[in-house]
There are 2 protein chains.
Amino acid sequence: MDAVRPFDVLDPACPSRSVLRHLTDRWTPLVVGVLAPGPARFGEIRDQVGGVTAKVLTQTLRSMERDGLVDRRALPTMPPRVDYELTPLGRTLVGPLDALRSWAERHAGEVLGARASYDAQDGAPG
Amino acid sequence: MDAVRPFDVLDPACPSRSVLRHLTDRWTPLVVGVLAPGPARFGEIRDQVGGVTAKVLTQTLRSMERDGLVDRRALPTMPPRVDYELTPLGRTLVGPLDALRSWAERHAGEVLGARASYDAQDGAPG
DNA sequence: GTAACTGAGTACCTCAAGGTAACCTTCAAG
DNA sequence: CTTGAAGGTTACCTTGAGGTACTCAGTTAC
């Protein structure tokens with residue numbers, strides 16, 4: 001029964017629009033990719049995701065937790081140890097985001113090439 | 001021979017990182033979705049993608065054209081008519097982005113629910 | 001001569017994501 | 001009693017994507 005489709009990303013007021021925006025923010029796709037193989041500690045994620053700062057990674061993980069995408073488990077050891085793991089819902093995101101990530105990696109060369117030739121013919125002959 | 005993988009989105013200096021960022025910007029996924037069925041005019045895209053302004057849509061289409069994702073054809077009629085169409089490269093993006101879009105629409109309810117229960121148990125009992 | 005249509009360019013502004021830097025916690029090592 | 005580790009939090013600042021508003025071009029309709 002897919003007859004009713006209450007959510008439509010083309011509608012600016014639809015919540016799915018903001019959900020989509022959140023999935024596609026700067027770090028969420030990368031974090032999902034890192035967590036896809038299994039749980040990881042905060043420091044492991046930070047080390048694997050190049051360029052992310054601790055503050056922003058915390059924010060990203062927090063909002064992913066809030067959205068039910070990751071599970072956070074803080075061990076009361078000292079020094080503290082915090083494990084993050086994809087929830088079942090989060091795991092359903094791995095496929096789509098992985099497709100996007102691998103698209104970017106596979107076609108980055110083509111995009112760069114297109115950009116170069118666009119810039120060449122658009123900027124030079126003026 | 002996939003032995004060599006020159007592109008890695010986890011590397012902040014890798015071009016694929018910026019390519020991924022571009023695919024996941026605010027309007028690109030929606031525009032790809034609108035163009036997926038076939039070519040469309042500027043005004044049609046603007047009308048279908050709720051909330052986008054003409055200026056930003058122009059910017060988005062321009063940078064998609066630059067990246068080789070869309071083909072722009074300006075008809076010298078009056079008033080002007082401009083058709084946009086996905087390139088073969090752009091068409092390979094339809095699948096991945098569509099998966100993401102439908103994920104957002106299918107799971108928006110769950111995300112909203114997770115958000116609500118997170119806020120309820122995190123904010124209330126202080 | 002002026003409004004409308006269509007696709008766009010430009011100047012200016014706003015706002016929120018993201019970055020920097022500092023500090024906090026607890027325990028162990030020295 | 002200082003340092004270091006891990007995983008934060010907070011205050012503050014920067015950046016740039018995106019929004020608003022105005023203008024333009026060329027032709028037809030009135």
Side-chain angles (χ1 to χ4, degrees), chain A residues 9-10 12-13 17-31 34-35 39-67 70-85 118 122-123 126, chain B residues 9-10 12-13 17-31 34-35 39-67 70-85 118 122-123 126:
Chain A
V9 293
L10 292 181
R17 168 82 65 101
S18 64
V19 169
L20 177 61
R21 247 204 123 172
H22 183 195
L23 310 178
T24 59
D25 73 3
R26 182 159 191 179
W27 303 109
T28 299
L30 303 179
V31 169
V34 166
L35 290 181
R41 301 182 53 181
F42 182 86
E44 293 171 344
I45 304 172
R46 189 194 50 218
D47 292 346
Q48 286 190 58
V49 179
V52 72
T53 64
K55 179 199 137 188
V56 173
L57 182 56
T58 298
Q59 285 177 350
T60 302
L61 288 166
R62 232 11 88 75
S63 87
M64 290 175 72
E65 188 194 0
R66 186 167 104 103
D67 285 358
V70 303
D71 195 29
R72 177 180 188 272
R73 222 162 312 158
L75 286 299
T77 60
M78 202 50 64
R81 171 193 177 105
V82 184
D83 284 305
Y84 291 92
E85 186 174 10
Y118 181 94
D122 199 48
Chain B
V9 291
L10 293 180
R17 168 80 65 101
S18 64
V19 169
L20 177 61
R21 245 204 125 170
H22 183 194
L23 310 179
T24 58
D25 72 4
R26 181 160 191 179
W27 303 108
T28 299
L30 303 178
V31 169
V34 166
L35 290 180
R41 300 183 52 181
F42 182 86
E44 294 171 345
I45 304 173
R46 190 194 49 217
D47 292 344
Q48 286 190 55
V49 178
V52 73
T53 63
K55 179 200 138 187
V56 171
L57 182 57
T58 298
Q59 287 178 350
T60 302
L61 289 166
R62 234 8 90 75
S63 86
M64 290 174 74
E65 187 194 2
R66 185 167 104 102
D67 285 358
V70 302
D71 195 28
R72 177 179 187 273
R73 224 163 310 161
L75 286 299
T77 60
M78 199 53 61
R81 174 194 173 103
V82 185
D83 284 306
Y84 291 92
E85 185 176 10
Y118 181 95
D122 199 49

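Chain naming here is simple, since letters A, B, ... match the order of the sequence lines and numbering starts at 1 in each. Given the structure is predicted, the values throughout are model-derived calculations rather than measurements.
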Which pairs, protein N/O on one side and nucleotides 16-19 of chain C N/O on the other, fall under 3.5 Å?
| from | atom 1 | to | atom 2 | distance (Å) |
| --- | --- | --- | --- | --- |
| dG18(C) | OP1 | Arg26(A) | N | 3.2 |
| dG18(C) | O3' | Arg26(A) | NH1 | 3.4 |
| dG19(C) | N7 | Lys55(A) | NZ | 3.0 |
| dG19(C) | O6 | Lys55(A) | NZ | 2.1 |

side-chain hydrogen bond (donor to acceptor under 3.5 Å, both in side chains) partners of Arg46(A), counting only residues at least two apart: none

Contact boundaries on DNA chain D for chain B, cut-off under 4.0 Å to non-hydrogen atoms: dG18(D) to dT27(D)

Pairs meeting criterion side-chain hydrogen bond (donor to acceptor under 3.5 Å, both in side chains) with involvement of residues 76-85 of chain B, two or more places apart: Arg72(B)-Tyr84(B), Arg73(B)-Glu85(B), Arg81(B)-Asp83(B)

Axis bend over the full length of the helix from dG1(C)-dC30(D) to dG30(C)-dC1(D), computed from five pairs that close each end, to 10 degrees: 30°

Flag, side chain of Arg41(A) to backbone of Val82(A), donor-acceptor distance under 3.5 Å: no

Partner residues of Gln48(B) under the side chain to side chain contact (heavy atoms under 4.5 Å, CB included) criterion, sequence neighbours left out: Val34(B)

CG-CG distance between Leu10(B) and Leu30(A), expressed to the nearest 0.5 angstrom: 6.0 Å

Base versus backbone protein contacts along nucleotides 3-8 of chain C [heavy-atom cut-off under 4.0 Å; B, S, -]: --BBSS

Donor-acceptor pairs are to be reported for all side-chain atoms of residues 18-27 of chain A against protein atoms at under 3.5 Å, with residues two or more places apart or in another chain.
| from | atom 1 | to | atom 2 | distance (Å) |
| --- | --- | --- | --- | --- |
| Ser18(A) | OG | Pro15(A) | O | 2.9 |
| His22(A) | ND1 | Asp67(A) | OD2 | 2.5 |
| His22(A) | NE2 | Ser63(A) | OG | 2.8 |
| Thr24(A) | OG1 | Leu20(A) | O | 2.9 |
| Thr24(A) | OG1 | Arg21(A) | O | 3.2 |
| Asp25(A) | OD1 | Trp27(A) | N | 3.4 |
| Asp25(A) | OD1 | Thr28(A) | N | 3.0 |
| Asp25(A) | OD1 | Thr28(A) | OG1 | 2.6 |
| Asp25(A) | OD2 | Thr28(A) | OG1 | 3.3 |

Donor-acceptor contacts, no H, no angles, side chain residues 50-62 of chain B, under 3.5 Å, sequence neighbours left out:
| from | atom 1 | to | atom 2 | distance (Å) |
| --- | --- | --- | --- | --- |
| Thr53(B) | OG1 | Val56(B) | N | 3.4 |
| Thr58(B) | OG1 | Ala54(B) | O | 2.9 |
| Thr60(B) | OG1 | Val56(B) | O | 2.8 |

